[in-house]
Amino acid sequence: MVNAVSTPADTLPPVEALPPDEVQLSLPVEDPIPEPAAIAPATLTLAAQDVRMVLREQNEQSQILTTKLNILFVANGALLTSLSISRLLVSGSVFSLAEIIGFLASFSLLMGAFLPRQVAVTPNLEDRKFLETYLALPEQDYQLQMLVNLSETYNANKQRLEDTSQSLKYAAYTIWGTTVIMLVHILVIYVAGGSSSGLI
C-alpha cells in the first residue's frame, strides 16, 4: 500500500524576485532639510530702515495721545470749574450725585492714562553683556538680531499705547456724559425757578 503525500492547501507558490529597479523600500526616505537661503545685505538694510520708520510713526502716535491727554485734562478742569461756580454740586439733587460721580470717573481715567508706563527700548544699554554678546556676532547675525529686538520693542510699546488710548476714549465719553447731565441740571433748575416765579 502506497501512502500518497498531498501538498498542503495553504502552501503559496514561491515569490518571484523583482528586478532591482522595481524593489520598493518599506520605510519612506525623508528629504534632507533645506538650509535657509542667505539674506542679501541690501535686503537687511531695507528691512532695518522700514522697521525704524514704523517705530518713528509709533512715537508720533504717542505724542498725539499726549496732546489728547492734555486737552482732556483742560476740559475736565473747565467742567469742574463750571460745576463749582454754578454750585450745582451742592444742590443736593440726583443730578449733583451723577455729576460728582462723572467727574471722579473721568479724573480717574485721565490719571490712569497719565501715570507712566514702562517703555521698551532696544538695545538695552543697562545690560552689561550687550557689547560682549552683540559685537561678537557677524554682521548679518547682528542685523537679524536687532530686527528681532526692534519687532519685540514695537509690540511691547503697542500694548502700552492701546491701553492709554482706551483710557482716553472712556474719559472723553465720561466728560461728555457729565456735561450733558450738567446742562440738563441747569435746564431743570431754570424751569423750576420759572414755574415758582409764575413765568411758566
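When the side chains of ILVMFWY residues are joined at heavy-atom separations under 4.5 Å, either directly or via intervening members, Ile64 and Leu69 end up in two distinct hydrophobic clusters. When hydrophobic clusters are built by joining Ile, Leu, Val, Met, Phe, Trp and Tyr residues whose side-chain heavy atoms come closer than 4.5 Å, directly or via intermediates, Leu161 is grouped together with Leu110. In this structure, Leu144 is a member of the same hydrophobic cluster as Leu150, with clusters built from ILVMFWY side-chain heavy atoms closer than 4.5 Å. Hydrophobic cluster membership differs between Leu46 and Leu147, with clusters built from Ile, Leu, Val, Met, Phe, Trp and Tyr side chains linked at under 4.5 angstrom.
Atoms CG and CG, on Leu104 and Leu109 in that order, are 11.0 Å from each other to the nearest 0.5 Å. The CG atom of Asp163 sits 12.5 Å away from atom CG of Leu115, with the distance rounded to the nearest 0.5 Å.
Partners of Ile101 under the side-chain contact (heavy atoms from CB on, under 4.5 Å) rule, at least two apart in sequence or in another chain, are Leu97. With sequence neighbours excluded, the residues satisfying side-chain contact (heavy atoms from CB on, under 4.5 Å) with Glu139 are Gln143. Checked against side-chain contact (heavy atoms from CB on, under 4.5 Å), Arg56 has the following partners two or more places apart in sequence or in another chain: Arg52, Met53. With sequence neighbours excluded, the residues forming a side-chain contact (heavy atoms from CB on, under 4.5 Å) with Thr164 are Leu65, Ala113, Arg117, Leu168, listed by chain and number.
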Under 3.5 Å, sequence neighbours excluded: what are the donor-acceptor pairs made by side chains of residues 172-187?
| unit_1 | atom_1 | unit_2 | atom_2 | d |
| --- | --- | --- | --- | --- |
| Thr174 | OG1 | Tyr170 | O | 2.7 |
| Thr178 | OG1 | Thr174 | O | 2.8 |
| Thr179 | OG1 | Ile175 | O | 2.8 |
| His185 | ND1 | Glu99 | OE2 | 3.0 |
| His185 | NE2 | Ser91 | OG | 3.4 |
| His185 | NE2 | Ser93 | OG | 3.3 |

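Residue pairs meeting the side-chain hydrogen bond (donor to acceptor under 3.5 Å, both in side chains) criterion with at least one member in residues 57-79, sequence neighbours excluded, are Asn76-Ser106. Sorted pairs that involve residues 45-79 and meet ring-ring contact (aromatic ring centres under 6.0 Å, His included), not counting sequence neighbours, are lacking altogether. Pairs passing the side-chain hydrogen bond (donor to acceptor under 3.5 Å, both in side chains) check and including a residue from residues 145-154, sequence neighbours excluded, read Tyr134-Asn149, Gln145-Asn149.
Counting heavy atoms of neighbouring residues, nucleotides and ligands inside a 6.0 Å radius, atom CZ of Phe107 does not exceed 12 of them.
Grouped with Ile85 in a hydrophobic cluster is no other residue, since no side-chain heavy-atom contact under 4.5 Å to another Ile, Leu, Val, Met, Phe, Trp or Tyr is found.
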